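The structure appears right after this line, and notes come after that.
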Amino acid sequence: MQAPITPPPGGDRREVLLRGIDVADGFGLEIGPSLNPIVTKASGARVRSVDHADAATLRAKYEHHVGVDTSRVEEVDHVWAGGRLRSAVREDEPFDYVIASHVLEHLPNPIAFLQDVASLLRPGGRLSLALPDHRYCFDHVRALTTVGQWVDAYDSDRQLHTPGTVLDHLLHAVRRGEAIAWEPGDQRPLSLVHDYPEAISALAQARAQAGYLDVHAWVFNPHSFAAIVEACQRIGLIDLRLVDLVDTRGDEFFVVLVRPVDGGAVGEGGAVAPAVDDEARLARLLSARATERAAEPVPPTTRRRPAVVRAAGKVLRRLGLR
C-alpha cells in the first residue's frame with residue numbers, strides 16, 4: 001500500500017527534509033549539498049557529502065556569482081562525476097539517512113541511483129528527497145515522466161542524457177515573469193527561457209557525447225512520482241518503500257523512502273498485486289493526471305485566431321461539421 005499524500009507541515013524546508021531523522025546520533029550522507037547543505041559538518045553532525053566536484057572547484061565555480069557566499073561550501077568527502085553512486089561512496093559503516101535535495105530529476109539513471117542508495121543504507125534507513133513540482137517551475141509545459149522511461153534509462157545503463165532529453169529541456173523551459181520557479185496561484189504570463197540557437201548548440205554537444213549536460217531529465221508532480229516508485233517496487237527494481245509523501249509547498253514536494261527492515265526485496269518474485277490494489281493504482285494514476293490538468297499548462301505564448309477564422313468555426317459548428 002502506497003503512503004497517502006499528506007499536507008505540507010509547518011516549519012522551514014530543512015525541518016521537513018529531516019522529519020524522522022536523528023541528526024544528533026545518526027550517520028548521514030548528503031548528495032549534492034554544494035552551497036546549501038541541509039546538515040552541516042560545522043554543526044558537529046556525523047555527515048558525509050558527495051558532489052560532482054571537490055570543494056575548491058565548487059568555490060571557484062561560484063566565486064563570481066553576485067550574492068553567493070562560497071564559504072558555505074563544506075569539504076566534499078566523495079566526488080561523484082559519473083557512473084554508479086555506490087562506486088563513488090565507500091564507507092565502512094552503513095548510513096542511517098541519505099538526503100538529496102533537487103538531485104534526482106537531474107540524474108540520467110534514477111533506478112540505478114535508488115538501488116545504490118538502498119545498498120548504502122542500513123535496514124530501516126531513510127532517503128529524504130526534495131523534488132520540483134513541474135506545475136510551478138520551468139518544467140511547467142512538459143509531459144509527466146513515465147515508469148517506462150525510467151526502465152529504458154536503466155536497461156541501457158544510461159550515463160549521459162540523451163540528445164532528445166536535452167532538446168526537450170531546452171525547447172520547453174519557461175518562466176513566469178522573470179522567475180523560473182513560482183508559488184501556486186501565480187498567473188504572470190509565461191515566456192520561453194531558451195531560443196533555438198541555444199537548443200541547437202546543446203543538441204550538437206549531446207549528440208557528440210561530449211560530456212554531461214545538466215538538464216531536468218524527469219518531470220513530476222507528487223502523485224506521478226509516487227506512481228513511478230510504486231511500479232518500480234512492484235516489479236522488483238528498487239528495494240525502498242515510500243513511507244511519506246508531503247504535498248507541494250512553494251515549488252517543491254517531499255518524499256521519504258525507507259530500506260525495508262525485513263531484508264526482503266520489494267516485489268521479489270514478481271508477485272501480482274490483487275485486483276483491489278489495481279483499483280487503487282488506477283485512482284493514483286488518475287490523480288496524477290487531474291493535478292496535471294488543474295495546473296493549466298498553457299503554451300508560453302497564445303495568439304487569438306483571426307476574426308474570419310473564428311467566424312468560419314462558428315458556421316461549421318452550427319452545421320454540425322465541427
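The model shown is predicted, which means the values in this text are computed figures rather than measured ones.
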According to the interplanar angle, ranging from 0 to 90°, do the rings of His161 and Tyr212 count as parallel (below 30°), tilted (30 to 60°) or perpendicular (above 60°)?
tilted
With a sphere of 6.0 Å drawn around CD of Glu63, does it hold more than 12 non-hydrogen atoms of other residues, nucleotides or ligands?
yes
Evaluate the ring planes of Trp80 and Phe113, with Trp represented by its six-membered ring, and classify them as parallel (under 30°), tilted (30 to 60°) or perpendicular (over 60°).
parallel
Over all heavy atoms of both residues, which pair between Val16 and Arg249 is shortest? Give the atoms and the distance, please.
CG2-NH1, 3.2 Å
I'd like to know if the side chain of His134 pairs up with that of Asn221 as donor and acceptor (distance under 3.5 Å, no hydrogens or angles considered).
no
Quiz question: by atom type and distance under 3.5 Å, do the side chains of Asp116 and Ser119 form a donor-acceptor pair?
no
Sequence-distant partners of Glu75, salt bridge (Lys or Arg N to Asp or Glu O under 4.0 Å), two or more places apart:
Arg59
Please step through salt bridge (charged side-chain N to carboxylate O under 4.0 Å, His left out) for the pair Glu93 and Arg46, ending with a clear verdict.
CA-CA 12 Å; Glu93 180 183 355; Arg46 294 181 62 229; 2.9 Å; yes
Going by salt bridge (Lys or Arg N to Asp or Glu O under 4.0 Å), name the residues that satisfy it together with Glu252, two or more places apart in sequence or in a different chain.
Arg13
Going through the distances and angles, do Arg122 and Asp96 end up as a salt bridge (charged side-chain N to carboxylate O under 4.0 Å, His left out)?
CA-CA 6 Å; Arg122 64 165 176 79; Asp96 297 301; 2.5 Å; yes
Does one hydrophobic cluster hold both Leu129 and Leu245, with members joined at side-chain heavy-atom distances below 4.5 Å?
yes
Residue pair Arg188, Asp186: steps toward the salt bridge (charged side-chain N to carboxylate O under 4.0 Å, His left out) verdict
CA-CA 6 Å; Arg188 287 176 296 173; Asp186 191 336; 2.8 Å; yes
Which hydrophobic side chains are connected to Val215, either touching it within the sub-4.5 Å cutoff or through other members that do?
Val166, Leu170, Leu213
Say whether Gln115 and Arg86, considering side chains only, have a donor N or O and an acceptor N or O under 3.5 Å apart.
no
Hydrophobic clusters here meaning ILVMFWY residues chained together by side-chain heavy-atom distances under 4.5 Å, can you tell me if Val76 and Val89 are in one?
no
Test Ile38 against every option in Ile21, Leu18, Val23, Val47 by the side-chain contact (heavy atoms from CB on, under 4.5 Å) rule and name the one that passes.
Leu18
Per the side-chain contact (heavy atoms from CB on, under 4.5 Å) rule, which among Leu127, Leu85, Asp239, Leu237 passes with Leu114?
Leu127
With under 30° as parallel and over 60° as perpendicular, where do the rings of Phe220 and Phe253 fit, or are they tilted in between?
perpendicular
ring-ring contact (aromatic ring centres under 6.0 Å, His included) partners of residues 28-64, not counting sequence neighbours, each pair once:
Tyr62-His65
How would you list, by chain and number, every residue that makes a salt bridge (Lys or Arg N to Asp or Glu O under 4.0 Å) with Arg48, sequence neighbours excluded?
Glu91
In chain order, what residues pass the side-chain contact (heavy atoms from CB on, under 4.5 Å) check against Ala24, with sequence neighbours excluded?
Asp22
Answer yes when Asp69 and Arg72 have at least one side-chain N-carboxylate O distance shorter than 4.0 Å, and no when they do not.
no
In short, Ala45 meets Val39 closest at the heavy-atom pair CB-CG1, 3.5 Å
Please lay out, stage by stage, how Arg84 and Asp157 fare under the test salt bridge (charged side-chain N to carboxylate O under 4.0 Å, His left out).
CA-CA 10 Å; Arg84 296 294 292 253; Asp157 191 26; 5.2 Å; no
Quick check: is Ile238 connected to Val151 through a chain of hydrophobic side chains (ILVMFWY, heavy atoms under 4.5 Å apart)?
yes
Heavy-atom nearest pair, Arg135 first then Pro222, reads NH2-CD, 3.8 Å
Do Val255 and Asp244 have side chains that get closer than 4.5 Å, going by heavy atoms?
no
